Amino acid sequence: MKPSIPQGTRDFSSAIIKKRNYIFGTIRRVFELYGFEPLETPAMENIETLMGKYGEEGDKLIFKILNNGLNHPEKQSAALKDFENVLQGKTSKGISERALRYDLTIPFARYVAMNQGQLTFPFKRYQMQPVWRADRPQRGRYREFYQCDADIAGSSSLLHEIELALIYSAVFAELKLPVEIHINNRKILQALSEKCGGTSNMMNITIAIDKLDKIGIEKVKQELAERGLNNSQIKTVEKYISIEGDDDTCIADLSSLLGDIACAKEGISEMVEMLREVNRIMPSTKIRVNPSLARGLNYYTGTIFEVKAIGVEMGSLGGGGRYDDLTGLFGVKGIAGVGISFGVDRIYDVLEELNAFPENIQAGTTALIFNTGIDKQYLIYAATVLRNHQIACEIFHEPVKFDKQFKYADKKSIPFAIIIGEEEQANKTATVKNLKTGEQKAVPFSALPTIISA
RNA sequence: GAGGAUGUAGCUCAGCUGGUUAGAGCAUCUGAUUGUGGUUCAGAAGGUCGUGGGUUCGAGCCCCAUCUUCCUCCCCA
């Protein structure tokens, strides 16, 4: 059998993991700086926890896990019947009762609903784990990928939106990755749909305008018509998505178009406050109002975020928003939430493309102790001394000619070679060679750690 | 899920209209050099041509199926 891995999944070599850990570390540090605490949830959830939470398309992209024991003779007729349901596109607990996590937000909501009695609210958690989607793989699109989420449950304060925007800003600034944070507010979109045939139209309108960047205004209008909007409604939407310019202009235009509707007013004033605070505290942040930002996930109710890289063609690097009643889906009313997500694999791809990873993160072994054929015990002793000084080192495994040992060090980018032969052992010295400069000198054995650390 | 492209040595790729023993560069290994790497030189090794079927006297090349990767749609991180 020829070994292979499933479509859209990847193995990660040490070089990749080191770079990815650099991204994880940066995000984790900032999350903790803002008072978030870690949480991990299982890779799989009960299927009903996930189904119906991500819209019709989302349901199709959930990886379902086949139940075990379907071939048991006693269960066969039931299994056949259940399979009929599956063939009709339904789910069936008889065939599958578990599924792989599709994102981190719904498991978080489930966790909050399950543990509401024990948690201190507002509950601020961060989570960095893989998620799975049965999507067709493409550039920047995988079937298994990591998300890093920070969410707050149990508070409607706008303070959180402001802090989450600051987190985005801080993380990407630390990664030296130029991004633009787009914001909008579902309350404004709701007002727009009220003006265009009622809130039942909201899905139709948001799906269409979300594509503006990609397909242009004419095709959006066409799609709106296909989705059943009449001419005057389309005209209103066109006015809405034509709003552009700096934030003040957008805000003013939004107010004049929708300001007479209460929920639009609310949404606009939330955006104004966010922009003011974020610009005041981190003025270098590129945060901008984007009226055509809609986001497909249907649980958002207020502020919505999306992060785009500047200068690289790539889907969003992160997204999130306010959802007023997330745990309501799990029978717990009245817990509001808001959160953001980082797409680590895409951030990785962009950093790679921009060549923006710092040099020093590849550091592995610092010193290679050459195997000169002297007593192993002495080599191990030398390594132990270095390790006790927190110097990462290894001993070459065999006493072969130096040519090979040097080449090994070279390939692994080990900066120092340490040679201790019979003579050095007798003199209590060591020969240290800096492989970058080629400089070499004999030093007292006791001075070894200091020389290498310097 | 629909449509399109792709797959030849570890890597990047040649390979004519279907014709004898499938090539190059880089990397690898050996030696020149048994206590001094990166350079150089000489040599060697490396392939079920993604996989399975078919057409043919003959298939890397043509046909069918299937898988991978990439692209478009859909959706998103």
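A, B, ... follow the sequence lines: proteins, then strands. Residue 1 opens every chain. Quick caveat, the model's predicted, so the values are computed rather than measured.
Distances shorter than 4.0 Å separate none of the side-chain N or O atoms of Lys436(A) from OP1 or OP2 on G38(B). Between Gln440(A) and U36(B) there is no side-chain polar atom (N or O) within less than 4.0 angstrom of OP1 or OP2.
Rounding to the nearest 0.5 Å gives a distance of 10.0 Å between CD1 of Ile162(A) and CG of Leu275(A).
Below the 3.5 angstrom threshold, one finds no donor paired with an acceptor across the side chain of Gln405(A) and the base of U36(B). If you check distances only, the side chain of Lys433(A) does reach the base of G37(B) with a donor-acceptor pair under 3.5 Å.
Here Phe145(A) packs flat against the base of A77(B); its ring centre is closer than 5.5 angstrom to the base's six-membered ring, tilted by less than 30 degrees.
In this structure, Lys412(A) atom NZ and A27(B) atom P are separated by 20 Å, rounded to whole Å. Atom CD1 in Ile106(A) sits roughly 12 Å away from atom P in A77(B) (whole-Å rounding). Distance NZ (Lys404(A)) to C1' (U33(B)): 14 Å, rounded to an integer number of Å. Atom NZ of Lys60(A) and atom C1' of G1(B) are 7 Å apart (whole Å). The CG atom of Asp151(A) sits 14 Å away from the C1' atom of A77(B) (whole-angstrom rounding). If you measure from atom CG of Leu61(A) to atom P of C76(B), you get 9 Å, rounded to the nearest angstrom. As a whole-Å value, the separation of Asp349(A) CG from A77(B) P is 16 Å. If you measure from atom CZ of Arg295(A) to atom C1' of C74(B), you get 16 Å, rounded to the nearest angstrom.
Residue contacts shown for Tyr408(A) are absent, as no nucleic acid heavy atom lies under 4.0 Å away. Looking at heavy-atom distances under 4.0 Å, Gly8(A) makes contact with sugar-phosphate atoms alone, never a base. The residue Asp345(A) sits apart from the nucleic acid: no heavy atom pair falls under 4.0 Å. As judged by a 4.0 angstrom heavy-atom cut-off over every strand, Gln138(A) is placed among the base-contacting residues. Glu306(A) comes within 4.0 angstrom of no nucleic acid atom, judged by non-hydrogen atoms across all strands. Note on Gly438(A): a base of the nucleic acid sits closer than 4.0 angstrom, heavy atoms only.
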(request) Take Leu435(A) and Asp410(A), measure what side-chain contact (heavy atoms from CB on, under 4.5 Å) needs, and give me the verdict at the end. (result) CA-CA 8 Å; Leu435(A) 296 185; Asp410(A) 202 41; 5.8 Å; no

(request) Start with the C-alpha gap between Tyr299(A) and Thr105(A), add the side-chain angles, then the distance that decides, and say whether side-chain contact (heavy atoms from CB on, under 4.5 Å) holds. (result) CA-CA 10 Å; Tyr299(A) 46 67; Thr105(A) 307; 3.7 Å; yes

(request) Applying side-chain contact (heavy atoms from CB on, under 4.5 Å), run through Tyr323(A) and Asp151(A) and close with a yes or a no. (result) CA-CA 10 Å; Tyr323(A) 33 88; Asp151(A) 289 82; 2.3 Å; yes

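Screening Phe370(A), Tyr408(A), Phe406(A), Phe402(A) for a ring pair (Phe, Tyr, Trp, His ring centres under 6.0 Å) involving Phe396(A) leaves a single residue, Tyr408(A).
Of the candidates C75(B), G37(B), C70(B), the closest approach to any side-chain atom of Phe406(A) belongs to G37(B). Distances from the side chain of Ile419(A) to the nucleotides C29(B), C75(B), U36(B) place U36(B) closest. Of all nucleotides listed (C75(B), G31(B), G3(B)), G31(B) comes nearest to the side chain of Lys401(A). Proximity note for Glu424(A) (side chain, C-beta onward) versus G37(B), C29(B), G35(B): the nearest is G35(B). Among the nucleotides U30(B), U33(B), G37(B), the one closest to the side chain of Leu435(A) is G37(B). When the nucleotides U68(B), G37(B), C75(B) are ranked by their closest atom to the side chain of Gln7(A), U68(B) comes out on top. Nearest nucleotide to the Phe402(A) side chain, out of G3(B), U36(B), G37(B): U36(B). If you check A77(B), C75(B), G35(B) against the side chain of Lys211(A), the one that comes closest is C75(B). Checked against C29(B), G35(B), G37(B), the side chain of Thr431(A) finds its nearest nucleotide in G35(B). Proximity note for Arg141(A) (side chain, C-beta onward) versus U72(B), U33(B), C75(B): the nearest is C75(B).
Only the C1' atoms considered, U8(B) is 4 Å distant from C49(B), to the nearest whole Å. Taking the P atoms as reference points, A24(B) lies 15 Å from G15(B), given to the whole Å. Nucleotides G4(B) and C64(B) place their P atoms 12 Å apart, quoted to the nearest Å. Going from the P atom of G38(B) to that of A32(B) covers 14 Å, rounded to whole Å. Spacing between C16(B) and G60(B) at atom C1', rounded to whole Å, works out to 13 Å. Across C62(B) and U55(B), the matching C1' atoms stand 8 Å from one another, rounded to whole Å. Rounded to the nearest Å, the gap between the C1' atom of A2(B) and that of U28(B) is 44 Å. If you take atom C1' in A59(B) and the same atom in U20(B), they sit 14 Å apart, rounded to whole Å.
Toward the 5' end of RNA chain B, the nearer of the two residues Ala134(A) and Ile414(A), judged by each one's closest nucleotide, is Ala134(A). Comparing Met314(A) and Thr437(A), the nucleotide of RNA chain B nearest to each residue sits closer to the 5' end for Thr437(A).
Arg101(A) places a side-chain N or O within donor-acceptor distance of the main-chain N or O of Pro130(A), the cut-off being under 3.5 Å. Judged by distance alone, the side chain of Arg143(A) and the main-chain N or O of Asp135(A) form a donor-acceptor pair under 3.5 Å. A donor-acceptor pair is defined here as one N or O able to donate and one able to accept, closer than 3.5 Å; no such pair exists between the side chain of Gln147(A) and the backbone of Asp103(A). With hydrogens and angles ignored, the 3.5 Å screen pairs a side-chain donor or acceptor of Lys53(A) with a backbone N or O of Glu48(A). With Asn184(A) contributing its side chain and Leu293(A) its backbone, the two residues share a donor-acceptor pair below 3.5 Å.
Between Phe342(A) and Tyr168(A) there is a side-chain heavy-atom pair separated by less than 4.5 Å.
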(message) Just to be sure I follow the notation: if a pair is Watson-Crick (purine N1 to pyrimidine N3 plus N6-O4 or O6-N4) or a G-U wobble (N1-O2 and O6-N3), each under 3.5 Å, what dot-bracket string does RNA chain B give, with | for pairs to another strand?
(response) (((((.(..((((.....[...)))).(((((.......))))).....(((((..]....)))))).)))))....

